[in-house]
K.L.:
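Below are the structure tokens for one structure; questions will follow.
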Amino acid sequence: MLLRAPGGRSGETFASPDPKLNLYPRFTAHVADALAALVTQGDLPTGLDTRAVAVEPPRDASHGDLATNAAMVLAKAAGMRPRDIAVMLALKLNHLDEVAEAEVAGPGFLNLRLHGDVWRAEIAAIAAAGGDYGRSVLGAGKSINVEYVSANPTGPMHMGHCRGAVVGDALASTLEYAGFAVTREYYINDAGGQVDTLARSAHLRYREALGETIEIPEGFYPGDYLVPVGQALAAEFGDVMLGKPEAEWLAIFRTRTVALMMERIRADLKLLGIEQDVFFSEASLGSRVQEALDTLAAKGLIYEGVLEAPKGEAAEDWEPRPQTLFRASQFGDDSDRALKKSDGSWTYFAGDVAYHWDKLTRGYSALVDMFGADHGGYVKRMTAAVRALSGDTVPLDIKIVQMVKLLRAGEPVKMSKRSGNFVTLADVVEEVGKDVVRFIMLTKRADSQLDFDFAKVVEQSRDNPVFYVQYAHARIASLKRKAAEAGIVLPAPDYALLDDVDLALVKTAALWPRIVEQAAEAREPHRIAFYLGDLAGAFHTQWNLGNDDARRRFVLADDPALTAARLALADAVGQVLRNGLAVMGVEAAEELH
RNA sequence: GCGCCCGUAGCUCAGUUGGAUAGAGCGCGGGACUUCUAAUCCUGAGGUCGCAGGUUCGAAUCCUGCCGGGCGCACCA
């Protein structure tokens, strides 16, 4: 093992499994190699299950740069004491050029302290990879379908839809960045009673557009947004649909109105930077429904029967009815579920089963659905259906997105769906901007409730994570300008000039590839927002050191060499911030106003 | 009544899929700075991770049962 002074230079190149690997996978490979060597030497038994071996940053930075639990995980199967294994492992890893010190600690952790040059090399790696730094091959190109938004086409997007839209889209981007082939999909509920009501409401507006005075009865969609739809219909059909019976215009108006509403919804989504690949129409399912039922029937999962009355209070008007049922209870659901109503027509669930059957036939290796919290009760039956249809080969992961509470300076914003007065997505984006909306929607776990306060989200303060992260990026962007203003001619950066304090910042930046994989595996894009907050915090801390000690500033007029190195460091942080923001679908600000 | 989600510092929330002394921001206590690298900074206090058992080297994390909050509970979409 070579010892070097902190901050010292090393002319050596590192021996490693693959220098192109990111830090954590590289050391995971180092540990695996070391374990394999111990097995070869006969110090460890063969056939150990090493899947639980992890290489992670220790929670406490004083424990070093990396830690592995290998000894503790393997102790039982090896029939050895954890610390004994750890010591052997330490001897192996100490031989690596990248390792300054390997130390056994606690119950059997092996802590590794790395040479500063490892972190210096990471700055170069970030610069070289640029926008691809953190991109992962975790997904191995496997295809995955993410369905999100899927708002009913009966009105414009409002804030209730917004969170699912942002989280779904960011999740799709995260998965893409982690190496999956992602299809972004929207399911249009354009069949059933709601769209008939929509068509009738549009017909009223059509009559209105032709000069009639109308009154909107209870149960119709009252919103103003149908006024332009009525005008468009009037322009298209003139007065030919005026006196005719409903049967002659309903289907036509339904199709036209849904198309117009979907145009609007897509425009609203575009305001958020969301453009989905597939818009799948429920009305287009056609023979798929019967096909899905036949598929289930072939597995003996369909029967005619009568469901038990639900327990509890909601059973007033219940009466036993024979229906076509799916044996969902065989797949973890609480009850079997109806596919056909007692009158023989399909249930909504049947359509959804058919839709998921269609997705399965398209060959995805995994499906993800984003559901609103009010559809939580639907999760079990849907996963049951996909398990049954796919024979447990294609997992369906349903993510629940909780409601957003809209506030204005602490006061709840009143919304009434009945009157048609609700805060639309377009209104909010116009008021605070796409980036703020997207970022804030990702500042909490999807399954916990979120407050969205119009006043707070645009506040320029430490409390506001959007501002805090953007400000860090803007500060970094300002460094080049400052250096130019100071008339500094920058040489090529020499990372050897950076000391341990500088390198602390790289350590945080180097976590990014891990965060991507963790967020993708957990399917929790909010982790990216939290990480960017941490990284921004680390940068601000560094920046603030310059207040007390001018030598710690990034731009030093009398030291072009150190300035060049510090700017390269700042650039690395800026690059990671940009990469993270890009995954979130948020622009990285060059300057703030 | 049943199912799902949640319960972590005074408040708002994280918590690396079972790891070391449980973290951050706000708020609170103490201090710094009279400046433009202050659209503040440093520092301190603050916790029975809802409660009680269990699983194991090790639990906020997994299992069971309670307590408390949210959502949903044939044929609607």
Side-chain angles (χ1 to χ4, degrees), chain A residues 24 52 54 56-60 62-63 67 69 72-73 75-76 81-82 105-109 111 152 154 189 191-195 197 282 306-315 317-323 325 333-349 351-352 372-380 398 400 402-403 443-445 447-451 459-465 467-468 471 474-475 478-479 482 511 514-515 517-519 521-522 524 526-527 529-531 533-534 537 540-548 550 552-555 592-593:
Chain A
Y24 290 94
E56 302 173 329
R59 185 166 290 173
D60 187 337
S62 69
H63 291 144
N69 60 355
M72 289 180 291
V73 169
K76 197 172 192 179
R81 286 187 298 192
F109 283 101
N111 294 330
N152 288 338
T154 52
N189 295 132
Q194 281 191 14
V195 280
T197 304
E282 181 187 1
V306 179
L307 289 175
E308 281 177 33
K311 308 251 194 289
E313 51 227 302
D317 57 348
W318 186 88
E319 52 183 271
R321 284 172 190 161
Q323 295 169 305
L325 300 171
D333 200 355
D334 315 303
S335 159
D336 292 340
R337 300 294 174 182
L339 293 172
K340 275 185 182 174
K341 304 176 198 171
S342 47
D343 68 2
S345 63
W346 298 110
T347 61
Y348 175 79
F349 178 56
D352 229 352
D374 52 342
H375 287 68
Y378 207 73
V379 170
K380 279 190 178 182
I398 300 180
I400 296 293
Q402 271 291 349
M403 291 293 141
T443 51
K444 267 197 175 186
R445 294 172 48 139
D447 56 15
S448 65
Q449 236 189 309
L450 175 80
D451 289 348
E459 202 172 272
Q460 300 205 334
S461 77
R462 176 72 187 86
D463 316 6
N464 183 351
F467 166 75
Y468 195 63
Y471 186 35
R475 269 183 163 171
S478 78
L479 287 172
K482 282 173 183 289
L511 291 173
R514 260 173 70 78
I515 300 294
E517 295 192 348
Q518 285 170 357
E521 278 185 321
E524 291 181 348
H526 76 276
R527 290 174 187 238
F530 276 93
Y531 166 72
D534 287 346
H540 287 307
T541 297
Q542 202 85 318
W543 177 284
N544 288 328
L545 291 178
N547 290 330
D548 293 332
R552 291 243 65 106
R553 296 187 177 195
F554 284 85
V555 174
L592 300 174
H593 305 285

K.L.:
Mind checking whether A/Tyr348 and A/Asn189 have side chains closer than 4.5 Å, heavy atoms only?
P.N.:
yes
K.L.:
Would you please name every residue forming a side chain to side chain donor-acceptor pair (under 3.5 Å) with A/Asp548, sequence neighbours left out?
P.N.:
none
K.L.:
Taking atom P of B/rA14 as reference, at what distance in whole Å does atom CG of A/Asp447 sit?
P.N.:
8 Å
K.L.:
Counting only side-chain N and O atoms of A/Lys482, is one of them less than 4.0 Å from OP1 or OP2 of B/rC36?
P.N.:
no
K.L.:
Could you write out RNA chain B as dot-bracket? Rules: Watson-Crick or G-U wobble, both distances under 3.5 Å, brackets [ ] for crossings, | for pairs with another strand, dot for unpaired.
P.N.:
(((((((..((((.....[...)))).(((((.......))))).....(((((..]....))))))))))))....
K.L.:
Base, sugar-phosphate, or nothing for A/Arg552, non-hydrogen atoms under 4.0 angstrom?
P.N.:
nothing
K.L.:
Taking donor-acceptor contacts at under 3.5 Å, does the side chain of A/Arg514 reach the base of B/rU16?
P.N.:
yes
K.L.:
Indicate, with a heavy-atom threshold strictly under 4.0 Å, whether A/Phe554 touches base, sugar-phosphate, or nothing.
P.N.:
base
K.L.:
For a quick check of understanding: with a heavy-atom distance under 4.0 Å over all strands, which category does A/Ile400 fall into, base, sugar-phosphate or nothing?
P.N.:
nothing
K.L.:
So do the side chains of A/Tyr471 and A/Gln460 get within less than 4.5 Å of each other, counting heavy atoms only?
P.N.:
no
K.L.:
Would you classify A/Gln402 as touching base, sugar-phosphate or nothing, given that sugar-phosphate means primed atoms plus P, OP1 and OP2, and contacts are heavy atoms under 4.0 Å?
P.N.:
nothing
K.L.:
A/Gly193 near the nucleic acid: base, sugar-phosphate alone, or nothing, with a heavy-atom cut-off under 4.0 Å?
P.N.:
sugar-phosphate
K.L.:
If you draw the axis of the six-membered ring of A/Tyr24, does the NZ or CZ of A/Arg514 fall within 45° of it and under 6.0 Å from the ring centre?
P.N.:
yes
K.L.:
A/Asp451 CG to B/rC11 C1': how many Å, rounded?
P.N.:
12 Å
K.L.:
With heavy atoms under 4.0 Å as the rule, sort A/Leu592 into base, sugar-phosphate or nothing.
P.N.:
base
K.L.:
Could you give the CG-to-P distance, from A/Leu339 to B/rA77, as a whole number of Å?
P.N.:
14 Å
K.L.:
Would you list the protein and nucleotides 20-23 of chain B atom pairs, both N or O, that sit under 3.5 Å from each other?
P.N.:
unit_1 : atom_1 : unit_2   : atom_2 : d
B/rA20 : OP2    : A/Arg59  : NH1    : 2.9
B/rA20 : N6     : A/Asn111 : OD1    : 2.7
B/rA20 : N1     : A/Asn111 : OD1    : 3.0
B/rA20 : N1     : A/Asn111 : ND2    : 3.0

